[in-house]
Amino acid sequence: MMSEPTHFVHVYATVRVKMAVTAANHEDAMRAADEALFARGFGVRLIPTAEGALDADYAEEVTGYLVDEAGDTEYLRSANYGQDYAPDWGMRSRSSG
């Protein structure tokens, strides 16, 4: 049984998969999401439904992460990270809130 999640990690892996994990901080949350998602193969089935779509599969590439903290309903502590788990603040720094 999974304990109450402390983070919600959006893994941008050509498809976006929202994961619920328990972790002490954002980096641990991303690593836990990777472990849960990829430990036994890709944890999501892609089913093509469009006419002419023959197959759908995971492209084996993570391009980034968005980490939300559970209970942070205003997303003030949410942050973006690159594929290497390094912060990716874009045009604004995290401190400019």
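Values below: every heavy atom of this structure, side chains too, minus hydrogens, waters and symmetry copies.
A 4.5 Å side-chain heavy-atom check between Glu69 and His26 finds at least one atom pair inside the cut-off.
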> Does the side-chain contact (heavy atoms from CB on, under 4.5 Å) test come out yes or no for Asp72 and Phe8, once each step is laid out?
Replying inline: CA-CA 11 Å; Asp72 179 21; Phe8 297 101; over 6 Å; no

> For Tyr75 and Leu66, what are the C-alpha separation, side-chain angles and deciding distance, and is it a side-chain contact (heavy atoms from CB on, under 4.5 Å)?
Replying inline: CA-CA 11 Å; Tyr75 303 104; Leu66 168 62; over 6 Å; no

>> Pair Leu37, Met19 - check side-chain contact (heavy atoms from CB on, under 4.5 Å), show working.
In response: CA-CA 8 Å; Leu37 191 59; Met19 302 291 295; 3.9 Å; yes

>> For Thr6 and Val21: C-alpha separation, side-chain torsions, deciding distance, then whether side-chain contact (heavy atoms from CB on, under 4.5 Å) applies.
In response: CA-CA 6 Å; Thr6 57; Val21 300; 5.7 Å; no

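Of the inter-residue distances, the one linking His7 atom NE2 with Thr22 atom OG1 reads 9.5 Å to the nearest 0.5 angstrom. Put simply, CG on Leu76 and CG on Asp68 are 11.0 Å apart, with the number rounded to the nearest 0.5 Å.
Contact between Ala33 and Val11 at its shortest, heavy atoms only, is CB-CG2, 4.2 Å. Scanning both residues, Ala70 and Pro5, for their nearest heavy atoms gives CB-O, 3.3 Å.
Between the side chains of His10 and Tyr65, no donor N or O sits under 3.5 Å from an acceptor N or O.
Scored by the salt bridge (charged side-chain N to carboxylate O under 4.0 Å, His left out) test, Glu35 finds no partners at all (sequence neighbours excluded). Looking at residues two or more places apart in sequence or on another chain, you find a side-chain hydrogen bond (donor to acceptor under 3.5 Å, both in side chains) between Asn25 and Asp28. Gln83 pairs by the side-chain hydrogen bond (donor to acceptor under 3.5 Å, both in side chains) definition with nothing, not counting sequence neighbours. Every residue was checked against the ring pair (Phe, Tyr, Trp, His ring centres under 6.0 Å) condition with Tyr12, not counting sequence neighbours, and none meets it.
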